[in-house]
Undergrad: 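This is the structure I want to talk about, given as structure tokens.
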Amino acid sequence: AVTAALAELSSGHLPQLLAAEIRKQHQPVDRARLAELLNVAEEDIATVAAGSLPEDIVTLGPPARPVFLSRTMRERLVAGILAALERHHRENPLSERGRTAEELMGPLGIERGSTGEPALRLLLEALEHEQRIKAVAHTWTLFSHRVELSGDRRRQSAFVEGFLARQGMT
């Protein structure tokens, strides 16, 4: 299997070269970055159909601006997202809110302005579609997260949260 993969890579099949480069990356990559890494024209990469890439390569986003990552990286990022949200809910059981995409970037090792940022947002949307997470007040929470508070408790909680926010403590 390894010799067959090496033979295919050495024959210069662009889908195989793209896949090998995507697997090497520590962050999701876009066409421009792949073109730079492989020293080929971005237009050449655009001609490669997503279906011609090996099955362990994931394509996110619209066809005009795709982001590529390996299935292993996707699984790692999803596990990191779910773990960060679980930790947040454990530490803040009375908060209905979760974490913003920006707050999730740090624990996942994604730099602001990198290709990882739109990839994270696309993954969050995919997880929402899969009903593993949900959007709540511009944040993301686990789909199963519920806070059951009476009206009195909600008002008290809002008062304390507001006080802490005004004091710069949040």
Side-chain angles (χ1 to χ4, degrees), residues 18-34 36-37 45 50-51 53-170:
L18 291 172
E21 193 59 48
I22 292 165
R23 288 183 198 109
K24 289 189 322 189
Q25 299 306 306
H26 298 289
Q27 292 292 320
V29 291
D30 60 11
R31 276 190 200 141
R33 181 70 179 138
L34 283 172
E36 179 184 326
L37 291 166
I45 293 174
L53 292 170
E55 64 184 37
D56 70 318
I57 301 302
V58 177
T59 305
L60 301 173
R65 306 246 354 117
V67 177
F68 304 96
L69 63 159
S70 68
R71 186 164 312 288
T72 303
M73 183 186 302
R74 184 192 191 280
E75 291 168 2
R76 179 182 58 81
L77 289 171
V78 166
I81 290 166
L82 297 176
L85 293 176
E86 186 177 308
R87 186 172 41 256
H88 174 76
H89 295 324
R90 192 174 48 250
E91 294 169 359
N92 303 281
L94 298 179
S95 177
E96 292 178 337
R97 293 185 184 100
R99 289 280 181 219
T100 64
E102 292 78 14
E103 290 169 331
L104 290 168
M105 287 172 58
L108 296 173
I110 296 173
E111 294 179 18
R112 199 163 191 64
S114 71
T115 309
E117 191 171 354
L120 172 62
R121 292 181 194 286
L122 291 165
L123 277 175
L124 291 169
E125 291 170 10
L127 290 172
E128 181 180 34
H129 182 74
E130 295 168 14
Q131 295 188 337
R132 295 174 76 183
I133 65 173
K134 61 186 173 186
V136 176
H138 306 293
T139 66
W140 297 96
T141 67
L142 292 174
F143 190 78
S144 59
H145 182 65
R146 303 270 186 276
V147 177
E148 301 289 332
L149 295 177
S150 67
D152 255 1
R153 290 284 185 208
R154 279 190 195 282
R155 282 190 294 283
Q156 290 170 348
S157 179
F159 174 79
V160 171
E161 285 180 11
F163 174 78
L164 293 174
R166 286 189 299 279
Q167 302 305 312
M169 300 174 73
T170 59

Undergrad: Between Arg166 (side chain only) and Gly162 (backbone N and O only), is there a donor and an acceptor less than 3.5 Å apart?
TA: yes
Undergrad: Got a donor-acceptor contact below 3.5 angstrom from the Glu128 side chain to the Leu124 backbone?
TA: no
Undergrad: Measuring from Arg112:CZ to Met105:CE, what's the distance to the nearest 0.5 Å?
TA: 5.5 Å
Undergrad: Count the heavy atoms of every other residue, nucleotide or ligand shown that sit under 6.0 Å from CZ of Arg97, and state whether that count exceeds 12.
TA: no
Undergrad: Quickly, which of Leu69, Leu18, Ile22, Val67 forms a side chain to side chain contact (heavy atoms under 4.5 Å, CB included) with Val29? Name it, please.
TA: Ile22
Undergrad: Should Trp140 and Ile81 count as side-chain neighbours, where that means a heavy-atom distance under 4.5 Å?
TA: no
Undergrad: Go through it in stages, so that I can follow the logic: the residues are Arg33 and Asp30, the test is salt bridge (Lys or Arg N to Asp or Glu O under 4.0 Å), and I'd like the CA-CA distance, side-chain angles, deciding distance and then a yes or no.
TA: CA-CA 5 Å; Arg33 181 70 179 138; Asp30 60 11; over 6 Å; no
Undergrad: Are Met73 and Leu77 close enough that some pair of their side-chain heavy atoms sits under 4.5 Å apart?
TA: yes
Undergrad: Measuring only between side-chain heavy atoms, which start at C-beta, is Gln167 closer than 4.5 Å to Leu164?
TA: no
Undergrad: Answer yes or no: does atom CZ of Arg71 have more than 12 heavy-atom neighbours from other residues, nucleotides or ligands under 6.0 Å?
TA: yes
Undergrad: Tell me if the CD atom of Glu130 is crowded by more than 12 foreign heavy atoms within 6.0 Å.
TA: yes
Undergrad: Could you pull out all residues at least two apart from Ala79 that satisfy side-chain contact (heavy atoms from CB on, under 4.5 Å)?
TA: none
Undergrad: Is there a donor-acceptor pair closer than 3.5 Å between any side-chain N or O of His145 and the backbone N or O of Ile133?
TA: no
Undergrad: Can you check whether Gly109's main-chain N or O pairs, donor with acceptor, with Gln27's side chain at less than 3.5 Å?
TA: yes
Undergrad: Check whether any side-chain heavy atom of Leu123 sits under 4.5 Å from a side-chain heavy atom of Arg74, and report yes or no.
TA: yes
Undergrad: Spell out, as yes or no, whether a donor-acceptor pair under 3.5 Å connects the side chain of Arg132 to the backbone of His129.
TA: no
Undergrad: Within the structure provided, determine whether Arg155 and Asp152 are in side-chain contact (heavy-atom separation under 4.5 Å).
TA: yes
Undergrad: I'd like to know whether CD of Glu111 has more than 12 heavy-atom contacts from other residues, nucleotides or ligands below 6.0 angstrom.
TA: no
